Amino acid sequence: MEIKTNKKTEAGEELIRVEGLEKKFGSLQVLKGIDQVIRKGEVVSVIGPSGGGKSTFLRCLNLLEVPDGGSIFFEGVDITRKDVDINLHRQKMGMVFQHFNVFPNMTVGENVTMAPVLLGKKTKEEAREMAKELLNRVGLLDKIDAYPQKLSGGQKQRLAIVRALAMEPDVMLFDEPTSALDPEMVGEVLNVIKELVKTGMTTVIVTHEMGFAKEVSDRVLFMDGGVIAEEGTPEELFEHPKSERTKEFLGKVLY
Amino acid sequence: MIENLIRVWDKYWILFLQGLGITLLLSLITVVAGCILGFLLSLLRMSKLRIFHFRPLNTIAGIYVEVIRGTPILLQLYFFYFMLPEMIPFLNPSKLVCCTFALCLNSAAYVSEVIRAGIQAVDKGQTEAARSLGLNQKQTMMHVVLPQAVKNILPALCNEFVTMIKETSLASTFFVGELMTVYRTISGALFLTIEPLIIVGIIYFIVTFTLSKGVLYMEKRMAASAA
């Protein structure tokens with residue numbers, strides 16, 4: 001595997017570099033050439049209307065969607081190359097889904113420990129200890145031996161976050177983590193993400209929670225029609241949007 | 001009539017039970033072998049091997065399943081009854097072996113569909129979550145998808161066993177000794193058609209009804225256990 005030298009800048013090391021990313025579903029071009037650099041420690045929110053390609057962009061980052069064009073460099077390696085073992089790189093990229101996707105056939109604890117143990121990162125005992133600590137951090141320690149069936153949506157999503165963190169990833173990808181939740185559970189999940197961001201975790205989050213995006217992000221990307229229509233700091237984008245499309249979108253959503 | 005029923009049962013109950021034994025054994029072998037073959041077949045049907053736009057393994061398995069499902073089971077029995085001795089003359093397969101072979105191949109096609117449906121019924125998000133953690137395809141299958149698919153598959157497989165108990169009666173065409181063969185033997189010997197038929201019917205019914213209820217109970221238990 002070829003390792004590129006990492007370019008250092010003031011903003012932190014380059015972690016993910018996306019070049020000319022394209023994705024088609026059948027004849028529909030969902031991503032029309034995305035260029036983007038995400039640096040270590042950065043918190044990037046992706047906002048925009050449905051069908052604009054936000055989720056597809058995020059899912060391309062760990063190759064859950066295989067791009068039709070362009071390259072994705074993760075920690076200096078082009079992971080779109082056929083000779084790269086994507087499974088190794090995915091271990092370093094945690095992902096949280098809209099619909100939680102916790103494993104119903106495992107207990108809460110097993111959900112957390114399965115991957116680290118199976119992939120040889122931890123022994124069973126080490127993994128169990130870590131699971132306890134992580135679950136404690138999100139207030140789920142007392143559920144460690146329960147099955148996910150007994151959890152609320154918010155609890156399931158917190159479990160899903162912990163499950164991803166157990167692999168000690170270098171970046172966390174959130175795909176609309178609160179969109180499937182009852183309103184009263186949105187807060188508890190956002191708080192967990194906020195706490196995570198404070199620890200310096202590099203985070204990319206696709207969200208419809210504008211207030212949240214504004215509060216936690218270092219940078220906001222506005223995606224529409226398969227391109228990044230505008231990007232900037234939360235202040236730039238939310239207070240002084242330049243593109244007409246961004247203005248129109250922000251005018252329609254409440255936050 | 002009632003008198004005759006009792007008389008026939010009294011005289012031949014050992015034969016009936018022997019026939020039932022062979023029926024059960026035949027069905028069990030068929031379903032077990034059908035499960036193994038069916039599992040392999042379902043793997044072929046889900047394989048991603050691709051040569052240009054052609055997926056050879058999928059196609060072969062697909063044709064197999066469609067041919068089996070699209071022809072009568074009796075025809076398949078006839079086919080292997082005549083073909084198997086021609087194909088492996090050195091093994092000199094008995095009638096029972098030929099029929100078992102045909103039933104196994106038949107069962108495999110249905111079981112493969114049951115397994116495929118059971119695996120595909122597991123939410124795609126489960127696979128995505130497992131893959132996003134860095135599990136490879138095989139680990140995802142073994143640790144996440146299959147344990148959940150088993151819950152969908154197991155009851156359907158038991159129903160396949162119940163169906164097979166009834167299907168084996170077709171093998172009586174070749175006098176292989178199962179329950180329906182026993183009926184033909186006894187009715188021929190006594191010149192009685194209805195009474196032994198009723199007895200055989202009751203035996204079939206008791207066995208399949210009990211098993212079906214058992215499967216229902218198992219399904220309920222599994223639904224109640226942690227998701």
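Model, not experiment: these values are computed from the prediction. Below, chain A is the first sequence line, B the second, and so on; all start at residue 1.
- Heavy-atom distances place the backbone of A:Met93, and not its side chain, under 4.5 Å from chain B.
- Here the straight-line distance linking atom CG of A:Asn87 with atom CD of B:Gln137 works out to 9.5 Å at 0.5 Å rounding.
- A 4.5 Å side-chain heavy-atom check between B:Leu133 and A:Arg90 finds every atom pair outside the cut-off.
- The environment of B:Phe209 atom CZ is sparse: at most 12 non-hydrogen atoms of other residues, nucleotides or ligands sit within 6.0 angstrom.
- When the candidates A:Val96, A:Leu64, A:Asn62, A:Ile86 are compared by the number of heavy-atom contacts under 4.5 Å with chain B, A:Leu64 comes out ahead.
- No more than 12 heavy-atom neighbours from other residues, nucleotides or ligands sit within 6.0 angstrom of CE on B:Met142.
- For A:Val102, the part sitting under 4.5 Å from any heavy atom of chain B is the backbone (N, CA, C, O) and nothing else.
- A 4.5 Å side-chain heavy-atom check between B:Asp123 and A:His99 finds every atom pair outside the cut-off.
- Between chain A and the options B:Lys124, B:Glu128, B:Gln139, heavy-atom pairs under 4.5 Å are most frequent for B:Glu128.
- The nearest pair of heavy atoms linking A:Ala115 to B:Leu135 is CB-CD1, 3.9 Å.
- Separation of atoms CG (A:Leu88) and CG (B:Asn136) is listed at 10.0 Å; rounding is to 0.5 Å.
- Counting non-hydrogen atoms of other residues, nucleotides and ligands closer than 6.0 Å to NZ of A:Lys194 gives a total above 12.
- We find the CZ-CD distance between A:Phe97 and B:Gln126 to be 10.0 Å, quoted to the nearest 0.5 Å.
- Counting heavy atoms of neighbouring residues, nucleotides and ligands inside a 6.0 Å radius, atom CZ of B:Phe52 does not exceed 12 of them.
- Taken from OG in B:Ser132 to CZ in A:Arg163, the straight-line distance is 6.5 Å, to the nearest 0.5 Å.
- To the nearest 0.5 Å, atoms CD (B:Gln148) and CG (A:Asn105) are separated by 4.5 Å.
- Here CE of A:Met95 is found 13.5 Å from CZ of B:Arg131. Values are rounded to the nearest 0.5 Å.
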